[in-house]
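Single-structure report; data block below.
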2 protein chains.
Amino acid sequence: MDKPQPEHLKSAGLKSTVPRLNILNLFKSGQERHMSAEDVYKHLLASGDDVGLATVYRVLTQFEQAKLLVRHNFEGGKSVFELNQGKHHDHIVCLQCGHVEEFYDAAIESRQKKVASERGFAVHDHSLHIYADCVRKNCPHKR
Amino acid sequence: MDKPQPEHLKSAGLKSTVPRLNILNLFKSGQERHMSAEDVYKHLLASGDDVGLATVYRVLTQFEQAKLLVRHNFEGGKSVFELNQGKHHDHIVCLQCGHVEEFYDAAIESRQKKVASERGFAVHDHSLHIYADCVRKNCPHKR
DNA sequence: ATGCGAATAATAATAGTTCTCATTTGCAAT
DNA sequence: ATTGCAAATGAGAACTATTATTATTCGCAT
């Protein structure tokens, strides 16, 4: 269906290889927005692309450095990645079903900058995760 | 020097044992505010208290559940604990020296609640970590 | 087509944490 | 004070996520 798009890899200084294209396309396909290394590995195997788990880890890290992906460290120890679409956002994670919802709040962002600069810090980065339950009895995000 | 204070353990429904008292007192001593399991383990061994690493992990988790301690998952994968002193706060972590500074911003807190409730989530918890550099050339928080 | 440096796959190794289970301990009831 | 027993501990094995090692393979400029 969708052809590989090596331009993004080349412009990131990465030579275009089969595993890299497969991983990038998996994220671009939009099937699942947030995936761990294990998730990516399983998706690729399931769709017949033979790949090594170590390669998945390496490529995800490279993509993070190339700013193609963003890494998140949610509770639970494992890193989760998502396509970097330019617009920063924070996350609400449902503790019942694991569903991740994104949000952006300008007021929160600007207060953070203020707090940090008042204390003499130059902000690199931040992570804001709200851990919550879907309110309704039948959690709408069952997996 | 400082006597054990079993009241806190009892009221948390935990029977007062030697390792638990030692760990609680270590945090209360205030020497170091933020410690990983490994940190706690080393401190205890260094002060002559023989303890098992598995016990440290177990007790830290129990103390978290009993709300005696708060767990933080900063970048880097390992959990860090601090004494729960009632007042919630967020953290700025200096990427140069690892120093952790605490802050509280009412505006950020209330915006978070608003964002979550608008989306039908009941907030359990949140974590906000700002990763930054101390602005000055000579980072004031050298370790 | 071919050669070389980079990338890969398989596997071993590591770090952080949890589990298992035999032994010990806290403490309530004698 | 002793005893009994459930709960807690310690030692090490096991587990999970991730990184390192290395021989083989691949992308791509020539």
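The chains referred to below are lettered A, B, ... by the order of the sequence lines, with proteins before strands, and numbering in each begins at 1. Only a predicted model underlies this, so the values are computations on that prediction, with no experimental measurement involved.
In this view, Lys15(A) and Thr17(A), Arg20(A) satisfy the side-chain contact (heavy atoms from CB on, under 4.5 Å) rule, not counting sequence neighbours. Annotation: side chain to side chain donor-acceptor pair (under 3.5 Å) contacts of Gln31(B) (sequence neighbours excluded): none. Scanning for side chain to side chain donor-acceptor pair (under 3.5 Å) contacts around Ser79(B) gives Arg71(B), Asn73(B), with sequence neighbours left out. Take Glu38(A) and apply the side chain to side chain donor-acceptor pair (under 3.5 Å) test, not counting sequence neighbours, and it matches no residue. Every residue was checked against the side chain to side chain donor-acceptor pair (under 3.5 Å) condition with Ser110(B), not counting sequence neighbours, and none meets it. Arg58(B) pairs by the salt bridge (Lys or Arg N to Asp or Glu O under 4.0 Å) definition with nothing, not counting sequence neighbours.
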query = Could you write nucleotides 13-30 of chain D as a row of B, S and -, 5' to 3', where a protein heavy atom under 4.0 Å of any base atom gives B, of only sugar-phosphate atoms gives S, and otherwise -?
reply = ----SBBB------SS--
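If you measure from atom CG of Leu60(A) to atom C1' of dT8(C), you get 15 Å, rounded to the nearest angstrom. Between the CZ atom of Phe81(B) and the C1' atom of dT17(C) there is a distance of 10 Å, rounded to whole Å. As a whole-Å value, the separation of Glu75(A) CD from dT17(C) P is 13 Å. Atom CG of Leu9(A) is separated from atom P of dA6(C) by 17 Å (rounded to the nearest Å). Counting to the nearest Å, the C1' atom of dA15(C) and the CG atom of Asp39(B) are 14 Å from each other. What separates CG of Leu45(B) from P of dG10(D) is a distance of 10 Å, to the nearest Å.
Sorted by first then second residue, the ring-ring contact (aromatic ring centres under 6.0 Å, His included) pairs that include residues 45-91 of chain A, not counting sequence neighbours, are His34(A)-His91(A), His72(A)-Phe74(A), His72(A)-His91(A), Phe74(A)-His91(A), Phe74(A)-His129(A), His88(A)-His126(A), His89(A)-His91(A).
One end of the helix from dA1(C)-dT30(D) to dT30(C)-dA1(D) points its axis 20° away from the other end's axis, with each axis taken from 5 pairs and the angle rounded to 10°.
A salt bridge is absent between Lys113(B) and Glu109(B); no separation between the charged side-chain nitrogens and carboxylate oxygens falls under 4.0 Å.
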